[in-house]
Protein chains: 2
Amino acid sequence: MGDTASMATCFDMCQHRHMSNSKVLPVLAPETATPCCPPLTERPLTAEEAERTAKMFKALGDPVRLRLFSLVASHEGGEACVCDISDVGVSQPTVSHHLKKLREAGLLTSERRGTWVYYRVEPSVLAAMGQTLGRYSA
Amino acid sequence: MGDTASMATCFDMCQHRHMSNSKVLPVLAPETATPCCPPLTERPLTAEEAERTAKMFKALGDPVRLRLFSLVASHEGGEACVCDISDVGVSQPTVSHHLKKLREAGLLTSERRGTWVYYRVEPSVLAAMGQTLGRYSA
DNA sequence: GTCACCCATCGACAGACGTCGAATCAGAGG
DNA sequence: CCTCTGATTCGACGTCTGTCGATGGGTGAC
């Protein structure tokens with residue numbers, strides 16, 4: 001299950017710009033990361049770039065996953081226990097399944113503390129996606 | 001086939017900030033549009049918001065579609081004929097199928113001029129997606 | 001230990017999705 | 001008119017995916 005790690009490193013090459021929250025995020029050596037993806041308007045994506053980038057968008061392409069992600073992202077303290085976000089209209093196994101997908105896409109990280117499992121947003125991957133969308137909103 | 005229109009209007013409520021390209025884009029009356037989606041970190045998305053927003057991400061969640069979109073977005077003049085972007089490794093009907101999906105998601109618009117059909121990026125929807133991702137990359 | 005609780009995994013199923021070839025539609029030009 | 005070319009639609013097929021109930025694994029309390 002090394003998907004999470006590979007997606008996380010995928011991003012870090014994408015940070016052409018400065019990040020103000022470098023204190024919070026672990027700093028990875030650039031040479032260990034594979035390049036992720038330029039803005040979609042810059043040049044046509046290669047097949048591999050598209051394959052890699054599509055996984056991130058696909059992870060947010062399901063309504064339930066999007067709600068779960070939003071619940072974690074907006075939760076107090078930046079993290080949420082599974083029991084806090086299980087009320088999205090699907091069964092508990094399904095919630096677990098979607099959280100796993102989000103984890104595999106590198107969008108969330110999980111940590112067990114005692115009885116509960118806490119999920120937390122991986123900001124770097126979000127930033128990579130935003131960068132891929134380009135500067136339309138500037 | 002009113003999907004394109006509804007997605008386009010979905011965005012325009014999202015423009016809390018000024019837009020410099022209002023000359024290019026049609027200006028829609030805000031009261032005719034349904035709100036799209038706040039940043040994912042601001043508050044949990046409702047079911048309808050998630051449903052609507054997920055469609056946009058889903059559209060970019062396929063490698064072939066992502067490449068097609070990138071080909072249009074990066075093409076000279078901001079638009080591309082289908083014949084210019086049909087070399088992505090799938091058959092021509094499949095290309096047409098994916099372009100239709102991107103159109104229905106509001107990400108592309110198409111226009112027939114003589115023999116050829118030209119596709120063009122809809123910048124507003126991209127902006128809405130970027131805004132939904134929040135300010136991680138700022 | 002035993003029980004209760006939280007969460008993940010398993011197995012199965014229906015529906016959605018990507019893909020193709022064939023057919024069809026739309027213009028341009030004989 | 002007919003034909004050629006570009007693009008979409010149709011019908012079919014295999015695969016992927018979201019969902020569930022049942023089961024299992026881990027942790028804390030009694």
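Fair warning: this is a prediction, and the values are worked out from it, not measured in the lab. In what follows, chains are A, B, ... by sequence order, proteins preceding strands, each numbered from 1.
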- Query: Would you say a side-chain N or O of B:Lys101 is under 4.0 Å from OP1 or OP2 of C:dG18?
  - Reply: yes

- Message: Nearest to the B:Gln92 side chain among D:dC16, D:dA7, C:dT19, which nucleotide is it?
- Response: D:dA7

- Any idea which of D:dC16, D:dT19, C:dT19 is nearest the A:Lys58 side chain? D:dC16

- Note on the structure: Rounded to whole Å, the CG-C1' distance (B:Leu99 to D:dG6) equals 13 Å

- Task: Output the single nucleotide from D:dA7, D:dT19, C:dC20 whose closest atom is nearest the side chain of A:Val90.
- Result: D:dT19

- Message: Please report the distance, rounded to the nearest Å, between NE2 in B:His98 and C1' in D:dT9.
- Response: 15 Å

- Winner on side-chain proximity to B:Trp116, out of D:dT8, D:dG6, C:dC7, is D:dG6

- Task: Figure out the CZ/P separation between B:Arg67 and C:dG18, and round it to whole Å.
- Result: 16 Å

- Message: Quick check on D:dC20: is either OP1 or OP2 less than 4.0 Å from any side-chain nitrogen or oxygen of A:Ser91?
- Response: yes

- Task: Please check the phosphate of D:dT9 (OP1 and OP2 only) for any side-chain N or O of B:Lys100 closer than 4.0 Å.
- Result: yes

- Scanning both residues in full, the closest heavy-atom pair of A:Pro63 with B:Ala54 reads N-CB, 3.6 Å

- Task: Could you tell me whether A:Tyr118 contacts a base, only the sugar-phosphate backbone, or nothing, with contacts defined as non-hydrogen atoms closer than 4.0 Å?
- Result: nothing

- Task: Have a look at A:Val64 and say if it touches a base, only the backbone sugar-phosphate, or nothing, with a 4.0 Å heavy-atom cut-off.
- Result: sugar-phosphate

- Item | A:His97, nearest nucleotide to its side chain (from D:dG18, C:dC20, C:dT9) | D:dG18

- In terms of side-chain heavy atoms of B:Asp62, which of C:dG18, C:dT9, D:dA7 is nearest? C:dG18

- Message: Check whether A:Tyr118 forms a cation-pi arrangement with A:Arg113 (NZ or CZ under 6.0 Å from the six-membered ring centre, at most 45° off the ring normal).
- Response: yes

- If you find the nucleotide of DNA chain D closest to B:Cys81 and the one closest to A:Thr94, which residue's nucleotide is nearer the 5' end? B:Cys81

- Drop me the distance from B:Leu68's CG to A:Leu45's CG, to the nearest 0.5 angstrom. 11.0 Å

- The side chain of A:Thr115 lies closest to which of these nucleotides: D:dA7, D:dT19, D:dG28? D:dG28

- Query: Looking at the side chain of A:Val117, which of C:dG21, C:dA8, D:dG18 is the nearest nucleotide?
  - Reply: C:dA8

- Nucleotide nearest B:Cys83 (side chain, heavy atoms from C-beta), chosen from D:dA7, D:dG21, C:dC20: D:dA7

- Task: Could you check A:Arg112 against B:Val82 and say which one's nearest nucleotide on DNA chain D is further toward the 5' end?
- Result: B:Val82

- Query: A:Glu104 CD to D:dG18 P: how many Å, rounded?
  - Reply: 11 Å

- Message: Rounded to whole Å, how long is the line connecting atom CG of A:Asp87 with atom P of C:dC7?
- Response: 13 Å

- Task: May I ask you to decide if A:His98's main-chain N or O and A:Arg65's side chain share a donor-acceptor pair within less than 3.5 Å?
- Result: no

- Item | Atom-pair distance (CG on B:Leu102; C1' on C:dG18), nearest Å | 13 Å

- For A:Arg65, answer base if it contacts any base atom (sugar-phosphate contacts may also be present), sugar-phosphate if it contacts only those atoms, and nothing otherwise; contact means non-hydrogen atoms under 4.0 Å. sugar-phosphate

- Task: Keeping the roles fixed (side chain from B:Arg120, backbone from B:Thr109), state whether a donor-acceptor pair exists under 3.5 Å.
- Result: no

- Item | Donor-acceptor contact below 3.5 Å, side chain B:Ser70 vs main chain B:Leu66 | no

- Task: Let me know the distance between CD1 of B:Ile85 and P of D:dG6, rounded to the nearest Å.
- Result: 15 Å

- Query: To the nearest Å, how far apart are B:Leu108 CG and D:dA7 C1'?
  - Reply: 15 Å

